[in-house]
Amino acid sequence: MKVLIRVAKQAQRTSLQHLIFSRFASDSSPLAKGPESTEECKWLCGSSQEILTAVRGQVEVRENFISEEEEDAIFKEVEPGLRKKRYEFDHWDDAIHGYKETERLQWGDACEKVLRRVREVAFPKGSPLLGPVHVLDLDKTGYIKPHVDSVKFCGSTIAGLNLLSDSIMRLVPENNSTDWVHLLLSRRSLYILRDDARFKFTHEILKDEESFFSGQKVPRHRRISVICRNLPV
């Protein structure tokens with residue numbers, strides 16, 4: 001009996017260690033190698049170490065990418081147009097619920113400076129970019145359903161500023177719906193999805209009631225994302 005108890009306790013410890021290791025990259029794991037390794041575990045977790053390794057180098061979150069003043073400047077620029085719209089609860093491809101959206105070609109100097117910085121860090125040098133910037137406003141009760149962006153209109157990379165609220169993005173491989181990756185998109189962060197993370201994974205923004213990261217509740221409020229894309233080549 002003592003042997004069985006000891007074996008059971010050891011199995012429990014091993015299981016717990018595996019769960020922690022799967023959710024967060026340790027210093028010795030392949031996922032933690034690279035200049036961003038000390039920050040990575042703060043914003044990335046997943047169902048297994050294998051799925052975390054699969055998205056290595058293809059997902060990125062840069063926390064505090066913009067300042068409060070820059071967030072305020074972007075909000076003041078987009079809010080007048082958004083205020084004239086009403087939240088929609090259906091979408092042409094049924095991908096978004098509780099949203100307003102618009103596109104902008106022209107920005108004020110302060111916002112254009114921020115967008116230039118986004119493009120510099122997110123896209124390969126010389127990559128042709130989609131001209132209009134997409135602005136998506138999600139109501140507190142809104143959410144984005146699992147989807148893959150159309151390859152007809154988008155290239156290899158998508159980069160978005162996450163404004164007004166923390167939120168959770170979930171990625172799920174199309175060939176295995178039991179695996180998942182969560183990205184913690186903190187307020188004023190920049191998220192980047194590249195290559196296979198764009199084309200072989202669905203992505204979604206979770207509802208407030210589903211918004212958890214590594215077991216911790218992350219309240220979702222109104223969220224505005226400012227999204228840049230490159231063109232297909």
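In this text, all values refer to a predicted model and were calculated from it rather than measured experimentally.
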Peer 1: Can you check whether Phe201 reaches Glu174 side chain to side chain, under 4.5 Å on heavy atoms?
Peer 2: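 They are not in contact (no side-chain heavy atoms under 4.5 Å apart), so the answer is no.
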Peer 1: Could you go through the ring pair (Phe, Tyr, Trp, His ring centres under 6.0 Å) check for Phe89 and His97 one step at a time?
Peer 2: CA-CA 5 Å; Phe89 291 87; His97 181 87; 5.0 Å; yes
Peer 1: Regarding Arg223 and Tyr143, do their side chains bring together a donor and an acceptor under 3.5 Å, going by distance alone?
Peer 2: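 No - no donor-acceptor pair under 3.5 Å links their side chains.
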Peer 1: Answer with yes or no whether the side chains of Ser167 and Asn162 bring together a donor and an acceptor at under 3.5 Å.
Peer 2: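 Yes, side-chain donor-acceptor contact under 3.5 Å.
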Peer 1: Just so I know, are the side chains of Ile224 and Glu71 near enough to count as touching, which here means a heavy-atom distance under 4.5 Å?
Peer 2: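 Result no, sub-4.5 Å side-chain heavy-atom pair not found.
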Peer 1: Is a side-chain N or O of Lys100 found less than 3.5 angstrom from the main chain of Arg86, in a donor-acceptor match?
Peer 2: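 Looks like no, no N/O pair under 3.5 Å.
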Peer 1: Taking C-beta and beyond as the side chain, do Leu164 and Arg187 meet within less than 4.5 Å on heavy atoms?
Peer 2: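 A side-chain contact exists here, since the closest heavy-atom pair is under 4.5 Å.
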Peer 1: Side chains of Leu185 and Ile205: does their closest heavy-atom pair fall under 4.5 Å?
Peer 2: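 Answer yes - side chains close enough.
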Peer 1: In chain order, what residues pass the side chain to side chain donor-acceptor pair (under 3.5 Å) check against Asp149, with sequence neighbours excluded?
Peer 2: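 Counting only residues at least two positions away or on another chain, Asp149 forms a side chain to side chain donor-acceptor pair (under 3.5 Å) with His147.
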Peer 1: Any side-chain heavy atom of Ser156 within less than 4.5 Å of one from Phe123?
Peer 2: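 A side-chain contact under 4.5 Å is absent here.
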Peer 1: So does Arg220 get a backbone contact from the side chain of Lys140, meaning a donor-acceptor N/O pair under 3.5 Å?
Peer 2: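 Checked: pair present.
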Peer 1: If we only count heavy atoms from C-beta on, is the Glu70 to Phe65 side-chain gap below 4.5 Å?
Peer 2: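 Contact flag for Glu70/Phe65 side chains = no.
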Peer 1: Distance only, no hydrogens: is a donor on one side chain within 3.5 Å (strictly under) of an acceptor on the other, for Asp166 and Ser186?
Peer 2: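 Absent: no donor and acceptor within the cut-off.
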